[in-house]
There are 2 protein chains.
Amino acid sequence: MRSGSHFAQTASSNPLVNSPCEKCNIAEMSLCHALSCDDLRKLSSISTGIEVGKGVTIINEMDSADFLFNVTGGSIKLYKLLPDGRRQMTGFLFPGDFLGIAMNDCYAYSAEALEDCRLCRFPRARLEELLKEVPDLENRLLNMVSNELVLAQDQMLLLGRKTAIEKVCSFLLSLAKRTQRKTGAGHVISLPMGRSDIGDYLGLTTETVSRTLTNLKKKGIISIPTNGQLEINDIEELTDLAEGMD
Amino acid sequence: MRSGSHFAQTASSNPLVNSPCEKCNIAEMSLCHALSCDDLRKLSSISTGIEVGKGVTIINEMDSADFLFNVTGGSIKLYKLLPDGRRQMTGFLFPGDFLGIAMNDCYAYSAEALEDCRLCRFPRARLEELLKEVPDLENRLLNMVSNELVLAQDQMLLLGRKTAIEKVCSFLLSLAKRTQRKTGAGHVISLPMGRSDIGDYLGLTTETVSRTLTNLKKKGIISIPTNGQLEINDIEELTDLAEGMD
DNA sequence: CGCGAGTTTGACAGTGGTCAACTAGCGTGG
DNA sequence: CCACGCTAGTTGACCACTGTCAAACTCGCG
């Protein structure tokens, strides 16, 4: 077990209280958002609150996709692998995000907890039944997946056409925007993932990520206090750099 | 107007017959697939069949997303642009595919006809109303968008982590697989898009695409008759090359 | 205090980009 | 009918960005 974790070893163990959604203190956009009390109760009745420790693999690419999840605490990395071990992050998840969309009946990627996490777990079969009964829920899900698709397309632009510095700046800005949406202030952001995770997200190596961050630091555009945080000093400049305006 | 096109200049002009979906001779997976006769009639009542000529821009990134489309004939390229003109294709559409998913109320990408195309057009507002009435339709849409998301993630892996030759081979294979699903035989595929379109799809330059294809040709793995077609001679080898197994 | 994972820095190399010239194919017009 | 010219594609020479390999460093933890 990785250091510091006091949570369950695997995603399937340690089902907590049969989570009444009131426990989800995430007020923002999540699957449950904007449902009627009645629908919420139905949804809650098929969900199980679980907790997983840092480093734990929550789902595995090619495993049978029996569960869907809603993240209620912590952060998660999603990735795909090539046969020779090369890795591509497909996203990072934070509270409110949804996990488990699949084609056919296998997961399309693996998911691992970056920190101790709290999740709301739904059996796929029962959720699908429920979707038929509760059109609002299906609509909500459709919106969430559509949003993810748009973000995926932005990421394709980044991966296919941006330079290393543009990639890194874009990444920092997207984290900043997300933080801002949730907390109001967005110039101090937390980086729960390591350099090589960032590299695999941006299609770069650890070394290039490190070098690029050092450059930004030297130019005074960002600061990196030793904890897992990062401060943006000049968001204008960062924005320009993110799209090659320099 | 581009050469050879005898179709309408813009997507909004030339509404054909108020398309009874029977005219869609695409039996396979499309939005309308697997709907009851009754639901199909409702869907048909809000749709307009349109045709657009080769080279015509069907939707524009950042335009208000007033319509959704179902492709019923021809092929379409989707792309995003950076301020300085760099371009990333986000996909190619063929009959049966869906077009117009958006976040907020603007399109996230532009779409241009690669050949003369036939489309089924739905006003967004009316389709959204209909979704509330016809849960099967919403479910169908959710499945289509989920599939697209999975494909988008595969594309991220390709863009971020594959080499030029792996990218080109993966691309040819995905076209072959699609052709096979539709026609049965999948070793002769049509390439309605140009080299630079392919390059922008794979995160490569025209030159690299050209060079890589020449290599494959020299090795006898593919043949390129002068028309817009391509023949795969050794699909085994192509598959290996697509994932770095060499 | 010392170990170890993660990160930073450096030297070097290779893949793929850039720029430029050349070729092939095709539609147009003399 | 052939010649011209345009666009798309191919090929070559060169180079730069980013990857690779290796070493040094930092910080947290036992």
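With salt bridges taken as basic N to acidic carboxylate O contacts below 4.0 Å, one links A:Arg118 and A:Glu51. The pair B:Asp154-B:Lys162 does not count as a salt bridge, with every side-chain nitrogen at least 4.0 angstrom from each carboxylate oxygen.
With a 6.0 Å cutoff to the six-membered ring centre and a 45° limit on the axis angle, A:Arg121 does not count as a cation-pi contact of A:Phe69.
Rounded to whole Å, atom P of D:dG19 lies 18 Å from atom NZ of B:Lys162. In this structure, CG of A:Asp200 is placed 13 Å from P of C:dG6, rounded to the nearest angstrom. Remark: P of D:dG19 and CZ of A:Arg195 are 16 Å apart, rounded to the nearest angstrom. If you take CZ of B:Arg87 and C1' of C:dG17, they are 17 Å apart, rounded to a whole angstrom. D:dG19 atom P lies 15 Å from atom CG of A:Asp84, rounded to whole Å. B:Arg86 places its CZ atom 13 Å from the P atom of D:dC17, with the value rounded to the nearest Å. Rounding to whole angstrom units, CG of residue A:Leu216 and P of C:dT8 are separated by 12 Å. For the pair B:Asn215 CG and D:dT10 P, the interatomic distance rounds to 12 Å; values are reported in whole Å.
Counting distance only, with no hydrogens placed and no angle test, the side-chain atoms of B:Arg211 and the base atoms of D:dG12 include a donor-acceptor pair under 3.5 Å.
Residue B:Thr208 places no side-chain N or O under 4.0 Å from the OP1 or OP2 atom of C:dG16. Phosphate contact (OP1/OP2 of C:dT9, side-chain N/O of A:Thr214, threshold under 4.0 Å): present. Of the side-chain N and O atoms in B:Thr205, one or more sit less than 4.0 angstrom from OP1 or OP2 of C:dG17.
Residues A:Ala164 and A:Thr226 both approach DNA chain D. Their nearest nucleotides, taken by heavy-atom distance, put A:Ala164 toward the 5′ side.
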A:Asp200 vs A:Arg86, salt bridge (charged side-chain N to carboxylate O under 4.0 Å, His left out): CA-CA, chis, key distance, verdict: CA-CA 9 Å; A:Asp200 285 345; A:Arg86 279 174 288 173; over 6 Å; no
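When heavy atoms are screened at a 4.0 angstrom cut-off, A:Gly228 is found touching no nucleic acid atom at all. When heavy atoms are screened at a 4.0 angstrom cut-off, B:Leu204 is found touching the sugar-phosphate backbone but no base atom.
If you look at A:Tyr109 and A:Tyr79, their ring centroids are not closer than 6.0 Å.
The side chain of B:Thr163 lies closest to C:dG16, out of D:dA13, D:dT18, C:dG16. If you check D:dT10, C:dT8, C:dA11 against the side chain of B:Ser210, the one that comes closest is D:dT10.
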